[in-house]
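A short write-up of the structure that comes next.
None of these values were measured; they are calculated from a predicted model. So you know, we letter chains A, B, ... as the sequences are listed, proteins then strands, and number each from 1.
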Amino acid sequence: MSAPDRKPNNVSLKRNLSPGGREVRESLRYAGLIQQALLPDKKLFEMLVPDHFILFMPRESISGDFYWIARNNGNICLAVADCTGHGIPGALMSFLGITFLNDIIRNGHTNKANRILNILREKVMNALQQTGKNEEPRDGMDMSLCLIDPAERKLQFSGANNPAYIIRNNELIEVKPDKMPVGISATEERSFANREIDLEKDDRLYLFTDGYTDQFGGPRNKKFKYRAFRKLLLDIHTEKMEKQRLILEQTIREWMGKEEQIDDILITGIHMKPVLK
Amino acid sequence: MRLSGFHIKNFRSIVNTGCDCLSPDNITALIGQNESGKTSVLEALYSFSRGSICEDVLRSDMSFPEVSCTFTAEPDEIESVLQKGMLLEEAAHIMRKTGKVTLTRKWDYNIQSNLFLSGNEVTAVYDDFYSEVKEKQENILEKGGELIEKEEETIKLINDLEKSLEELKKKRNALSGKLSKTIKLSKKRKQRNNREKLTASAEAINNDIRNLEELKEQYSSMLDEKKRFIVDNEMLNGYAKQTLQLAEKIEQNSPYYTDNESKTGLSTEILKKQLLYKTFVLEKFLKGQDLFSAEKEAAEESEAIEKYTTREHAGKEFFNLIPGFEFFEDFSSLLPNRIDLDDIFTNNLKAEGFKAVKNFLMVAGLEPGFFMQSNNRILKQKIENLNGEITVDFQEYWSQNVGKANKIKINFELEHYDYSHPEKKGKPYLEFWIKDEHERLYPKQRSRGVRWFLSFYLELKANARHNEKIKQVLLIDEPGLSLHARAQEDVLKVFEDIKESMQIVYTTHSPNLLDMNKLYRLMAVQREQKSNYTSETVVYSAQKLHTTTNDTLSPLYSLMGTRLWEQPFVQKKNNVIVQDICSYHYLSTLYRLAGRKGEIFFIPATGISGIAPVANILLGWGVEFVILIFNGSNKTEGGTESKLVHFADGKCNSGSLVTVKKFNSPEDLFSTLDFKKFILNKRTGITGTNSTYVEENNMSRELLSASFSSYVKESRITLDDFDEETIENITRLFELMENSLAAAAQNNGNMVQERG
């Protein structure tokens with residue numbers, strides 16, 4: 001169990017702003033604080049998923065990635081999202097995402113993971129006035145969303161471009177997402193798929209954005225890539241959650257070396273043992 | 001193959017039509033105001049088939065035209081191309097499954113076009129395929145890079161080892177010198193102690209030398225091993241270096257030389273093909289294969305990929321199977337009064353009305369040789385019979401009467417010139433008549449409308465007969481301009497008759513050329529203002545008609561409200577009164593679509609207040625019914641239920657009223673996604689209920705529901721096309737209604753018994 005690492009990385013912002021931009025920097029820092037306040041409360045996380053970690057490394061003071069958790073009719077609803085862009089545009093989109101998710105759960109619209117994503121997409125399209133015309137903004141978010149039923153030991157997963165990994169008996173199971181975002185896309189909207197999985201006590205569930213795997217670095221300055229990420233998770237999944245977070249952070253920092261962080265990084269890991277009844 | 005849809009970009013006033021579906025029953029009408037761009041749509045489709053365009057069609061922003069056509073193909077047609085093995089298996093699977101082929105023709109700045117296989121799903125498969133190949137390529141190159149790194153490390157190690165060995169040699173030499181000195185000194189020392197010390201020291205030096213020798217031995221063997229590694233892998237490393245250099249060159253070139261020749265004189269495409277081949281060789285080389293076999297296998301593998309990736313090649317193969325496109329602007333060749341048989345035999349195109357006569361003979365099923373018949377009596381008899389057949393056929397389409405009940409007849413006769421034409425005396429000619437009961441007139445003596453229709457009838461029928469085996473797409477610009485309303489309806493009859501062998505896409509302003517019961521046949525073309533200075537043509541498919549302007553829809557509005565009497569309504573039992581015509585359209589359509597075992601007959605009332613009178617009539621007639629109302633938000637008139645119960649004056653039992661509290665109206669039965677897809681046909685974010693969206697956006701519920709109904713009638717939608725949410729909602733509703741009807745039947749039986 002660990003608290004999320006919310007230490008912002010100000011390197012690039014500091015570099016980009018002239019001395020006269022101090023006010024802007026201050027505003028961004030403050031915006032970052034507001035964004036942190038919008039993220040789920042640490043206590044709520046610990047109450048719903050006691051054994052977990054969150055590795056959250058925003059590229060700027062504010063981030064386009066966000067995580068979210070809520071209780072929904074006895075289920076635990078968990079999401080990890082990557083909004084288009086990073087910095088200010090990404091953060092604005094993340095504000096929308098968090099607000100809409102809260103709204104959907106509060107109104108008790110549904111208890112299906114895919115329907116939550118379907119409704120969220122409608123709200124995003126409506127807010128951004130997206131109707132599929134060429135000149136419109138194509139903003140949106142990629143998201144992994146899970147509904148965990150602790151009593152029935154079931155997991156519903158619905159993914160918008162982002163998968164989920166479950167590690168069970170030293171084997172990594174990839175739960176595939178739909179290849180479309182939450183927001184307008186090139187093809188007509190169709191329902192997100194609802195994937196149901198029976199959970200086992202010792203399962204580890206990982207939700208993440210693509211910031212980790214897309215990070216450049218290493219001896220040949222290449223992306224970290226999913227293959228290496230999966231191997232790393234398989235190697236460390238038996239470690240305690242907090243240690244897993246440290247290893248993941250240390251590995252990506254070493255990989256990055258002197259390279260700039262190119263995107264926000266977010267990974268959450270959950271050990272199912274204390275969650276399932 | 002059958003043309004099922006199109007997507008036009010950058011053609012005259014058209015910027016992007018989006019994907020538009022043609023009517024499934026082969027007749028599609030384009031409606032819209034003048035200058036809206038209807039003819040441009042026809043021209044674009046025609047250009048797709050011909051491949052050529054004139055500069056007039058280019059837009060001022062110099063964006064180049066692109067026309068995609070989607071065809072529905074028979075399985076054997078698809079197989080005939082797929083069996084050639086040029087498509088990716090997954091793409092082939094999609095085409096087999098959907099039975100659809102999309103081809104795109106794109107023009108460039110030279111007004112040359114490129115034709116290729118397209119379509120979202122197929123393109124996505126190819127994109128995935130390209131990324132997989134790219135990923136594989138990257139992995140191999142990464143391994144190649146690792147190998148080179150290892151080689152560099154080894155070379156460094158060899159250098160270090162050689163240095164170390166050199167140092168060891170020096171150390172050894174130094175120690176040897178030291179040892180000789182020590183031995184000499186020990187011999188000179190007389191004192192025993194000193195001698196023993198020096199001997200021990202010499203022994204230690206000796207040990208050091210032995211150790212150094214051992215170390216040197218180890219280093220030498222390591223050095224040999226590393227050198228062997230370099231020699232053994234020389235070829236492999238060399239190949240890896242070459243391949244990586246090529247990859248880097250492409251990476252540097254690609255932003256600047258994507259389409260043109262690169263600095264090397266080779267296009268990036270050719271370099272990429274080379275890289276693909278070299279990467280595959282490297283992969284096999286890395287696995288330990290010899291260069292010869294690696295090259296052989298890699299050549300086969302890259303050739304297979306290149307074969308797969310030719311979407312252009314596949315496009316051309318499918319293009320050979322598509323129907324022919326014909327563009328008719330005017331039926332200018334009118335039937336003449338007479339034509340010499342010599343002109344027919346010699347194919348004299350300049351003869352007046354030659355084409356119309358050829359069409360006439362084709363429709364009559366006559367070859368020119370028919371007139372060679374020597375027996376004049378038999379010939380005349382056959383002509384008389386044919387006159388009867390052609391007239392009967394023509395009268396099936398031409399419904400106007402001359403006077404009260406007088407129909408016109410088409411006649412032709414074989415005659416010979418007499419002395420009044422001395423230069424042609426004795427030569428045969430065909431004479432045409434259009435007769436009615438009162439007079440027999442030459443075609444030219446008849447109205448322009450009759451002559452136009454006759455020419456149109458002959459041309460289309462002849463074309464259909466001529467191309468019985470090859471399907472055709474006829475593009476017709478404003479047919480029947482000079483015709484009476486009734487005759488325009490007759491044009492539709494001709495379309496209906498030939499639609500099995502031909503697809504017709506036509507433009508019109510006339511309501512008489514539209515069929516109210518077949519709204520799915522309509523597409524609206526509208527010019528929309530994009531800024532103060534620019535406008536563009538937008539095409540709306542049948543399902544989006546409600547979003548067009550009143551002016552665009554004016555032919556349709558002229559037709560609305562007619563022929564509703566054709567619907568069968570009340571039955572003895574299983575009647576359901578619904579609150580309005582929209583509920584009627586949605587529920588009757590969904591019930592049919594759901595394929596339920598029972599039967600329900602929906603009766604539309606004129607709003608909630610209209611339900612009571614309808615129910616009273618049905619009570620009076622003694623038929624079984626239930627009333628269905630949607631009352632989700634309780635927004636309907638106050639005390640609705642009490643009013644409804646009141647109407648029956650206690651005779652209507654409570655089971656007769658079914659109130660759906662979950663939804664405001666039938667529109668809410670659809671999931672938001674299905675509502676957008678099948679009813680609105682629009683991509684927008686809907687955050688409230690569907691019914692609220694319709695209300696807030698001031699949309700015509702009548703048009704939406706009627707369009708949906710006619711769309712489903714043509715089986716374009718099946719129950720499986722809806723998502724689980726919609727299916728769940730409609731299944732629950734119909735179960736509820738069937739149960740209520742069963743209860744109503746039970747109660748009715750009881751009441752009859754009581755009366756008895």
**OP:** Identify the two heavy atoms, one from A:Asp214 and one from A:Lys223, that lie closest to each other, and give their separation to 0.1 Å.
**Re:** O-CG, 3.6 Å
Original post:
With chain B, which of A:Met125, A:Arg115, A:Lys222, A:Gln130 has the greatest number of heavy-atom pairs at distances under 4.5 Å?
Top reply: A:Arg115
Original post:
Around B:Glu90, counting heavy atoms of other residues, nucleotides and ligands shown, do more than 12 lie under 6.0 Å from its CD?
Top reply: no
Original post:
Between B:Glu149 and chain A, which part of the residue has a heavy atom less than 4.5 Å away: side chain, backbone, both or neither?
Top reply: side chain
**OP:** Pick one of side chain, backbone, both or neither for A:Arg121, based on which atoms fall under 4.5 Å of a heavy atom in chain B.
**Re:** side chain
Subject >> Donor-acceptor side-chain pairing of B:Asp723 and A:Ser191 below 3.5 angstrom >> reply: no
Subject >> chain B contact via A:Ala186 - which portion, at a heavy-atom distance below 4.5 Å >> reply: backbone
Subject >> Between A:Asp65 and A:Thr209: side-chain donor-acceptor atoms closer than 3.5 Å >> reply: yes
**OP:** Establish, from distance only, whether the side-chain atoms of A:Gln35 and A:Ser94 form a donor-acceptor pair under 3.5 Å.
**Re:** yes
**OP:** Pick one of side chain, backbone, both or neither for B:Asp674, based on which atoms fall under 4.5 Å of a heavy atom in chain A.
**Re:** neither
**OP:** Please determine, among A:Ile184, A:Thr131, A:Asn114, A:Asn118, the option with the most heavy-atom pairs under 4.5 Å with chain B.
**Re:** A:Thr131
